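Worksheet for the structure shown next.
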Amino acid sequence: MELIQQLVNGISLGSIYALIALGYTMVYGIVKLINFAHGDVFMVGSFVGFYSITVLDLSFIPALLISMIVCAIFGVLIERIAYKPLRNATRIAALITAIGVSLLIENGLIYIRGAQPEAYPNDVLPMDKLDILGVSISSQSILILSVSIILMIILQFVVHKTKIGKAMRAVSFDSEAATLMGINVNNTISATFAIGSALAGAAGVIFGIYYIKIEPLMGVLPGLKAFVAAVLGGIGIIPGAMVGGLLLGVIEALVSAAGYSLWRDGVAFIVLILILIFLPQGLFGKNKREKV
């Protein structure tokens, strides 16, 4: 029963990683950029959610939506100001810029509000314990997982059924051909950043409710772990990011359950090293040597 409890914890944590990983994977799929500032968009989302709940006195869903909207706008601003001028620059220039943007966001927030942590209120979501097949599961975990799954389903719908989703897939496949077909590549890239950032904002609010404590540097580790999740699933592949995030969360929970909780952060990077050695294309990626 303890194992099932840990699996539920792992899936809840993994769903947060999956939401952040989707932003990495979508941006990489379209502009071949690893957006290392993405973890800090997640952190900003967490703070927007916190102030929406404490200052504006909103409930969970309105706070989640406000956080997603603010982060979507923030993501587009980052793309337009920092990345758009580097569209044709070398990969390393874009990567260094991403790290610079990340540091700017973290230290900018510390400058504005100080480095002290905040604590989400305990009563945002009901804390009831549900007894399912003899396993005690918090209703909070189930709600968090449900919200994450709903957001992932909406994303799949947007990518596969809407006009902007088709444009995103076209730009991902061949941006020059997409331009010739009349697709506005710049707007499509901005939309990708907006959607990825909105998901990171949602993950920030969910993380704050689940773990209570938030602070300006909180985006670094979940951001890196979400990157590992994206690589694990196959970077640039949306279902891969979802599965990679959930798998990583479960692996961390099982490591903690086995009594190695001090190792749980390190395990993510051991997974990254193993994936890069034995399966560099990820679980869902096609091998570059294969004919597509």
Side-chain angles (χ1 to χ4, degrees), residues 6-30 32-43 45-46 71 75 95 98-99 102 141 144-145 147-156 159 172 192-193 195-207 210-211 218-256 263-286:
Q6 289 297 337
L7 281 174
V8 171
N9 293 344
I11 291 167
S12 296
L13 175 62
S15 65
I16 295 171
Y17 291 156
L19 285 175
I20 310 171
L22 286 165
Y24 275 114
T25 229
M26 286 167 67
V27 167
Y28 184 83
I30 286 192
K32 299 290 178 281
L33 164 74
I34 303 293
N35 178 18
F36 277 119
H38 195 61
D40 299 295
V41 175
F42 154 83
M43 176 269 291
S46 200
C71 286
L95 185 68
I99 294 167
S102 168
S141 293
I144 283 169
L145 188 57
V147 170
S148 303
I149 289 168
I150 289 164
L151 288 171
M152 290 179 206
I153 291 167
I154 292 169
L155 176 68
Q156 284 290 53
V159 169
S172 172
T192 307
F193 269 85
I195 294 167
S197 300
L199 292 172
V205 178
I206 292 168
F207 184 95
Y210 199 63
Y211 286 101
M218 64 178 268
V220 177
L221 204 54
L224 286 173
K225 287 181 182 175
F227 171 63
V228 173
V231 173
L232 174 60
I235 194 145
I237 298 158
I238 287 173
M242 297 178 189
V243 173
L246 293 170
L247 262 177
L248 193 61
V250 169
I251 290 167
E252 278 196 20
L254 293 177
V255 167
S256 294
W263 278 87
R264 58 176 287 177
D265 291 337
V267 163
F269 303 104
I270 293 168
V271 167
L272 177 64
I273 292 163
L274 293 175
I275 283 286
L276 291 175
I277 293 170
F278 297 110
L279 199 69
Q281 72 274 20
L283 297 173
F284 286 67
K286 288 190 175 75

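For this chain, numbers begin at 1 and follow the sequence in order. Here the structure is a predicted model, which is why all the values come from computation and not from measurement.
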Run Ser15 and Leu246 through side-chain contact (heavy atoms from CB on, under 4.5 Å) and show every step you take. CA-CA 6 Å; Ser15 65; Leu246 293 170; 4.1 Å; yes
Would you say the side chain of [Y] lies within less than 4.5 Å of the side chain of [X], judging by non-hydrogen atoms?
{"X": "Ile153", "Y": "Ile149", "value": "yes"}
{"X": "Ile195", "Y": "Val159", "value": "no"}
{"X": "Leu224", "Y": "Phe269", "value": "yes"}
{"X": "Met218", "Y": "Tyr211", "value": "no"}
{"X": "Leu155", "Y": "Leu151", "value": "no"}
{"X": "Ile20", "Y": "Pro222", "value": "yes"}
{"X": "Lys225", "Y": "Leu13", "value": "no"}
{"X": "Ile275", "Y": "Pro280", "value": "no"}

Spacing of [X] atom [atom1] and [Y] atom [atom2] [to the nearest 0.5 Å]:
{"X": "Leu7", "Y": "Leu254", "atom1": "CG", "atom2": "CG", "result": "5.5 Å"}
{"X": "Glu252", "Y": "Leu247", "atom1": "CD", "atom2": "CG", "result": "12.0 Å"}
{"X": "Ile34", "Y": "Phe227", "atom1": "CD1", "atom2": "CZ", "result": "4.5 Å"}
{"X": "Asp40", "Y": "Cys71", "atom1": "CG", "atom2": "SG", "result": "11.0 Å"}
{"X": "Ile235", "Y": "Tyr24", "atom1": "CD1", "atom2": "OH", "result": "9.0 Å"}
{"X": "Met242", "Y": "Ile237", "atom1": "CE", "atom2": "CD1", "result": "12.5 Å"}

If you compare all heavy atoms of [X] against all heavy atoms of [Y], which two are closest, and at what distance to 0.1 Å?
{"X": "Pro239", "Y": "Gln156", "answer": "CG-NE2, 3.9 Å"}
{"X": "Ala21", "Y": "Ala229", "answer": "CB-CB, 4.1 Å"}
{"X": "Leu19", "Y": "Leu199", "answer": "O-CB, 3.7 Å"}
{"X": "Gly196", "Y": "Met26", "answer": "N-CE, 4.2 Å"}
{"X": "Ser172", "Y": "Ile30", "answer": "CB-CG1, 4.0 Å"}
{"X": "Gly10", "Y": "Ala253", "answer": "CA-CB, 3.5 Å"}

Val228 and Tyr17: CA distance, side-chain angles, deciding distance, side-chain contact (heavy atoms from CB on, under 4.5 Å) verdict: CA-CA 9 Å; Val228 173; Tyr17 291 156; over 6 Å; no
Kindly determine whether Met152 and Ile238 satisfy side-chain contact (heavy atoms from CB on, under 4.5 Å), including the steps that lead there. CA-CA 9 Å; Met152 290 179 206; Ile238 287 173; over 6 Å; no
Under 6.0 Å from the six-membered ring centre of Tyr28 and within 45° of its axis: does the NZ or CZ of Lys32 meet both? yes
Are Val41 and Asn35 close enough, and set up right, to give a side-chain contact (heavy atoms from CB on, under 4.5 Å), and what steps lead you there? CA-CA 10 Å; Val41 175; Asn35 178 18; 5.6 Å; no
